[in-house]
Number of protein chains: 2
Amino acid sequence: MIPEGTVSSMAPTPEALTAERILEATEEVLRRHGPAKATVVDVARALGVSHGSVYRHFRTKAALREAVTKRWLDRTSEALAGIVAEAGRDPEARLRAWLLALFDAKRHKAGDDPELFATYTTLAGENSDAVDEHLDDLTGQLAEIVRSGVDAGAFTSADPLTTARAVFHATARFHDPGYHREWERPGVQDEFEAVVDLLTRGLRA
Amino acid sequence: MIPEGTVSSMAPTPEALTAERILEATEEVLRRHGPAKATVVDVARALGVSHGSVYRHFRTKAALREAVTKRWLDRTSEALAGIVAEAGRDPEARLRAWLLALFDAKRHKAGDDPELFATYTTLAGENSDAVDEHLDDLTGQLAEIVRSGVDAGAFTSADPLTTARAVFHATARFHDPGYHREWERPGVQDEFEAVVDLLTRGLRA
DNA sequence: GGAATGACAGATATTGAAATCTGTCAGCTG
DNA sequence: CAGCTGACAGATTTCAATATCTGTCATTCC
């Protein structure tokens with residue numbers, strides 16, 4: 001066993017209570033009990049500590065839930081950042097791939113584990129600040145794709161960020177959790193393509 | 001006083017209990033008490049009859065609420081039909097006018113009387129069949145505009161109805177009641193125009 | 001001495017008994 | 001007789017008592 005970093009006493013068996021461990025336990029409790037019934041007492045119990053100890057790392061229950069929300073949103077952003085980075089690829093293909101990846105990611109999350117998806121949708125509703133940041137992040141990625149398309153002479157846009165926001169808003173039906181019921185209906189894929197076709201036509205130089 | 005239509009006994013003072021009068025009373029009760037507390041007993045009381053009489057005209061409370069919902073949705077559709085009928089006008093201008101009229105109508109309903117808007121949003125959520133019909137009606141109107149644009153050589157579209165649906169979905173943020181909170185934020189008008197610009201560019205022949 | 005505990009006050013959620021509502025129908029009323 | 005009434009059974013909602021939770025902090029434990 002290697003001693004972990006610079007700890008005064010090495011406290012071997014009962015791992016130190018870190019913010020990270022609390023967040024993991026909170027995700028687990030949310031998965032098990034859902035957002036309405038998940039209490040910080042549950043989280044403390046899952047960790048084998050008193051609930052007072054949790055309050056040492058997170059000032060309030062709301063702050064704890066917000067931190068969980070941020071982690072989750074960041075994981076989504078990271079997955080898409082890879083497509084933005086594919087510098088060599090045709091801008092239109094990159095745009096389509098990015099939009100499809102976003103749609104697919106959401107669709108699979110909603111379809112594979114509906115309860116967990118509902119849980120995170122509830123959390124997102126409680127933390128509009130975290131969501132706004134996430135949305136800025138995503139539109140920033142889109143703007144990056146638009147900008148490179150303009151530079152390559154493939155797209156026209158007076159202001160890539162405004163254009164990116166327009167594309168994002170126009171595809172809301174295919175990524176906004178509020179529409180998740182529609183994602184399982186037969187024709188959605190075609191609807192998605194019809195919208196993306198219209199948008200890419202509108203973007204072309 | 002002129003006798004009303006063909007009535008067997010003329011029953012002058014206490015007006016006959018018609019489906020129409022019940023619907024009006026129901027709208028009033030919904031306006032006063034909201035969707036959660038509006039009961040059919042309330043409706044009967046407002047009309048000065050027993051609740052049994054209401055059930056003579058509407059089989060269930062749900063059917064009564066659905067009828068109210070339909071009336072309300074139909075009023076919205078009719079208002080927009082006028083723009084579709086402006087045959088002489090430039091297709092692109094007609095499309096923009098139609099989308100703006102829809103956005104403005106929704107925005108004013110939500111802004112002027114938020115509680116009534118919330119009430120009707122709840123009713124709409126309960127009556128997805130009526131809503132689906134309404135949506136078909138609206139996309140039909142849009143398709144009519146697209147079709148006339150294609151005929152005039154101003155628009156390109158392999159299938160006007162599919163294209164109309166794409167335009168409708170792409171502008172969901174500006175007519176779907178779920179987004180009503182966004183309609184009061186400062187930049188919405190610009191966001192709306194950015195989306196409509198992109199879509200009209202995509203439609204042009 | 002820094003981290004964790006657990007008792008506590010006020011806020012929030014749960015529960016089950018009582019009140020109200022929905023939908024039916026036999027009978028009243030004009 | 002057509003239309004309306006009001007009593008009724010079962011479903012749903014309300015309300016208040018009870019239990020649980022949140023957030024604090026004086027005290028305990030390594």
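Hydrogens, waters and symmetry mates are skipped; everything else that's a heavy atom, side chains included, is used. Convention: sequence-line order gives letters A, B, ...; per-chain numbering from 1.
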- Query: Taking the side chain of His51(A) as heavy atoms from C-beta outward, which of dG23(D), dC4(D), dA4(C) is closest to it?
  - Reply: dG23(D)
- Query: So, Thr119(A) and Arg31(A): side-chain donor and acceptor under 3.5 Å apart, yes or no?
  - Reply: no
- Comparing His57(A) and Thr60(B) on DNA chain C - which has the more 5′ nearest nucleotide: His57(A)
- Please determine, for the side chain of Val49(B), which listed nucleotide (dT22(D), dT5(D), dT14(C)) has the closest atom? dT5(D)
- Length of the line joining Leu47(B):CG and dT5(D):P, which is rounded to integer Å: 10 Å
- Residue set satisfying ring pair (Phe, Tyr, Trp, His ring centres under 6.0 Å) with Phe174(A), at least two apart, ordered chain then number -> Phe103(A), Phe192(A)
- Query: Which listed nucleotide (dT22(C), dT5(C), dA4(C)) is nearest to the side chain of Val41(B)?
  - Reply: dT22(C)
- Nearest to the side chain of Lys61(A), which nucleotide is it out of dA4(C), dG23(D), dC4(D)? dG23(D)
- Just by distance, with hydrogens left out, do Thr76(A) and Lys106(A) show a side-chain donor and acceptor under 3.5 Å apart? no
- Message: Between Ser53(A) and dA4(C), is there a contact of a side-chain N or O with OP1 or OP2 at under 4.0 Å?
- Response: no
- Note on the structure: From the candidates dA4(C), dT14(D), dT22(D), the one with an atom nearest any side-chain atom of Lys37(B) is dT14(D)
- Any stems for DNA chain C, made of 3 or more Watson-Crick or G-U pairs in a row, each with both distances under 3.5 Å? C:1-30 with D:1-30
- Test Thr60(A) against Arg65(A) for side chain to side chain donor-acceptor pair (under 3.5 Å), laying out the working first. CA-CA 9 Å; Thr60(A) 65; Arg65(A) 288 165 80 110; over 6 Å; no
- Counting side-chain heavy atoms from C-beta on, which of dT22(D), dG23(D), dG23(C) comes nearest to Tyr55(B)? dG23(C)
- Task: Let me know, please, whether Asp42(B) or Gly52(B) comes out on the 5' side of the other along DNA chain C by nearest nucleotide.
- Result: Asp42(B)
- Tell me, with the steps shown, if Glu66(A) and Arg71(A) meet salt bridge (charged side-chain N to carboxylate O under 4.0 Å, His left out). CA-CA 9 Å; Glu66(A) 185 185 2; Arg71(A) 259 164 71 103; over 6 Å; no
- Task: Measure the distance from CG on Leu17(B) to C1' on dC4(D) and round it to the nearest whole Å.
- Result: 9 Å
- Task: Examine the side chains of Asp42(A) and Thr39(A) and answer whether a donor and an acceptor come within less than 3.5 Å of each other.
- Result: yes
